[in-house]
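To find a chain, count down the sequence lines: A is the first, B the second, and so on, and within it residues start at 1.
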Protein chains: 2
Amino acid sequence: MLLSKSCVYGLRASLYLASKKEGEFIPIKRMSDKLEISFHFLTKILQQLTAQGILESFKGPNGGVRLNRPGTDVQLMDIVLAIDGEQLLTECALGLPGCGIKNPCPLHDKWAETRDAIKAMLEHTTLTELVEKGRAENLRLTTDGGFDILFED
Amino acid sequence: MLLSKSCVYGLRASLYLASKKEGEFIPIKRMSDKLEISFHFLTKILQQLTAQGILESFKGPNGGVRLNRPGTDVQLMDIVLAIDGEQLLTECALGLPGCGIKNPCPLHDKWAETRDAIKAMLEHTTLTELVEKGRAENLRLTTDGGFDILFED
DNA sequence: TTATATTAGGATAAAAGAGTCCAAATAATC
DNA sequence: GATTATTTGGACTCTTTTATCCTAATATAA
């Protein structure tokens, strides 16, 4: 499992938000319904993203959450780092603490290359990019639905 | 976390075995001491590898485990599949069941590329290759020790 | 045949991840 | 001011992973 479940949910929710009108607050309840994610669990995850400054929240009626920056400025990596931390980018493939160029394990070089590929992919992909691709090709963000669920009310 | 802890331990242990004389049975107790892994836990993991035909075991005095094939014929992928299963290679990055070319998520294409890189790395790396590199450069397989711990008695 | 060194396998415990629930704070509307 | 819709935050439960322990089976050797 590359990403934790929390992280995956966070990514899906962020994509959902990026598909919405910029600046609009979306209630978490609505997101959890559309994305088929437990409301309470999703709430906890989005609280993390809010705490990290990736989302902005607003309480009360007409409240909800929204992206704190345009979706073009949010990389997948931002979400991953906010939720799973930098473990994925720093950890030794053989689990040895302090594995690095100075004191590597036998797998270090190869793993570093592979890891860089993962890193590059996450760093060079923005939320908006995926939303546009999803819209153009009607791809899905839930088990059943098409991408259009994002654009219903 | 790309690989489970069990899988990482399995890899380290397999590398240890690959560094030993071919055909020699090594007691798990010795491995757990050298590699600083809980004996009971390591035992469970190696049982899996034995059940999957990657290792061979022998009970009683002078017993232990050994590779069932030459280390040149064991890819890292073999160990990973035996312990973590094929989840890493099949799972959708956004956690959607059945995500594939026929019914992809917006991240599918990019993730498929990245995943192929991971797959290629694991498939093209053999135990022997890493052992030789480790020996040549005195790399480590434990928190503290150098690679030489593998070659002490 | 008895003692010893090992793996096999089941039961259990501890820790981490995933998921649920409830009360409190806040903001809008009636 | 009261009601309602929302996020916040803490407590709790469930499940999976990680780790430990104990007994049985097996093989060697004295």
Side-chain angles (χ1 to χ4, degrees), chain A residues 1-13 17 20 24-68 80 82-85 87-88 91 94-95, chain B residues 1-13 17 20 24-68 80 82-85 87-88 91 94-95:
Chain A
M1 198 193 14
L2 190 76
L3 306 174
S4 72
K5 229 163 173 187
S6 294
C7 189
V8 164
Y9 289 163
L11 284 171
R12 299 234 305 270
L17 288 174
K20 294 298 171 190
E24 188 184 6
F25 283 105
I26 310 287
I28 300 176
K29 185 70 177 65
R30 178 129 63 90
M31 303 177 68
S32 71
D33 284 348
K34 296 281 185 184
L35 298 174
E36 299 166 323
I37 299 172
S38 144
F39 167 69
H40 291 290
F41 193 35
L42 184 58
T43 292
K44 287 266 176 289
I45 295 163
L46 298 188
Q47 272 172 25
Q48 291 183 65
L49 292 180
T50 303
Q52 303 272 334
I54 293 175
L55 303 184
E56 200 176 353
S57 70
F58 195 77
K59 288 179 189 172
N62 311 322
V65 296
R66 67 182 182 195
L67 291 176
N68 206 10
V80 171
I83 297 178
D84 280 351
Q87 215 188 354
L88 181 65
E91 217 178 32
L94 295 182
Chain B
M1 198 190 18
L2 191 76
L3 306 174
S4 72
K5 227 165 172 185
S6 294
C7 188
V8 164
Y9 290 162
L11 284 170
R12 299 233 306 268
L17 288 175
K20 294 300 172 190
E24 187 183 6
F25 283 105
I26 310 287
I28 300 177
K29 185 72 179 66
R30 178 129 62 91
M31 303 178 67
S32 72
D33 284 348
K34 295 282 184 185
L35 298 174
E36 299 165 324
I37 298 173
S38 143
F39 166 69
H40 291 290
F41 193 36
L42 184 59
T43 293
K44 289 264 177 288
I45 295 164
L46 298 188
Q47 273 171 24
Q48 291 182 65
L49 292 180
T50 303
Q52 303 272 334
I54 293 175
L55 303 184
E56 200 176 354
S57 71
F58 195 78
K59 288 177 186 173
N62 311 323
V65 296
R66 68 181 180 196
L67 291 176
N68 205 10
V80 171
I83 297 178
D84 280 351
Q87 216 189 353
L88 181 66
E91 217 177 33
L94 294 183

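Of the residues near DNA chain C, A/Phe58 and A/Ser4, the one whose nearest nucleotide (by heavy atom distance) lies more toward the 5' end is A/Ser4.
Put simply, CG on A/Asp33 is 14 Å from C1' on D/dT6, counting in whole angstrom units. Per the geometry, CD belonging to B/Glu56 stands 13 Å off C1' belonging to C/dT7, to the nearest Å. D/dA5 atom C1' lies 15 Å from atom CZ of A/Phe25, rounded to whole Å. Remark: C1' of D/dA19 and CD1 of B/Ile28 are 15 Å apart, rounded to the nearest angstrom. For the pair B/Glu36 CD and D/dA19 C1', the computed distance is 17 Å after rounding to whole Å. Nucleotide D/dT16 holds its C1' atom 11 Å from the CE atom of B/Met1, rounded to whole Å. A/Met31 places its CE atom 13 Å from the P atom of D/dT6, with the value rounded to the nearest Å. One interatomic measurement links the two molecules: CZ of B/Arg30 to P of C/dT6, which rounds to 9 Å at whole-angstrom precision.
The CD atom of B/Gln48 sits 11.0 Å away from the CG atom of B/Leu55 when rounded to the nearest 0.5 Å.
In this structure the side chain of B/Glu91 never reaches within 4.5 angstrom of the side chain of A/Leu2, judged on heavy atoms. Annotation: side chain of B/Ser6 is in contact with side chain of B/Phe41 (closest heavy-atom distance under 4.5 Å). Looking at A/Ile28 and A/Phe39, their side chains come closer than 4.5 Å, going by heavy atoms from C-beta outward. Side-chain atoms of B/Ile54 and B/Asn68, non-hydrogen and from C-beta on, never get closer than 4.5 Å to each other.
Within residues 39-49 of chain B, the residues having any heavy atom closer than 4.0 Å to DNA chain C are, in order of number, B/Lys44, B/Gln47.
Taking 4.0 angstrom as the limit, B/Asn62 places a side-chain polar atom (N or O) nearer than this to OP1 or OP2 of D/dA29. A close approach under 4.0 Å does occur between a side-chain nitrogen or oxygen of A/Tyr9 and OP1 or OP2 of C/dG19. Note on B/Ser57: a side-chain N or O is less than 4.0 Å away from OP1 or OP2 of C/dA8. Within the 4.0 Å cut-off from OP1 or OP2 of D/dA19, at least one side-chain nitrogen or oxygen of B/Lys5 is found.
Contact detail for A/Leu42 and A/Tyr9: the closest heavy-atom pair is CD1-O, 4.4 Å.
Considering only the side chain of B/Pro61, C/dA5 comes nearest among C/dA5, C/dT26, D/dT18. When the nucleotides D/dT7, C/dT20, C/dA18 are ranked by their closest atom to the side chain of A/Ser6, C/dA18 comes out on top. Minimum atom distance to the side chain of B/Lys59 is reached by D/dA25, of the listed D/dA25, C/dT29, C/dG19. Taking every side-chain heavy atom of A/Pro27 into account, D/dT7 is the closest of D/dT7, D/dT18, C/dA18.
Judged by distance alone, with hydrogens and angles left aside, the side-chain atoms of A/Asp84 form no donor-acceptor pair with the main-chain N or O of A/Leu3 at under 3.5 Å.
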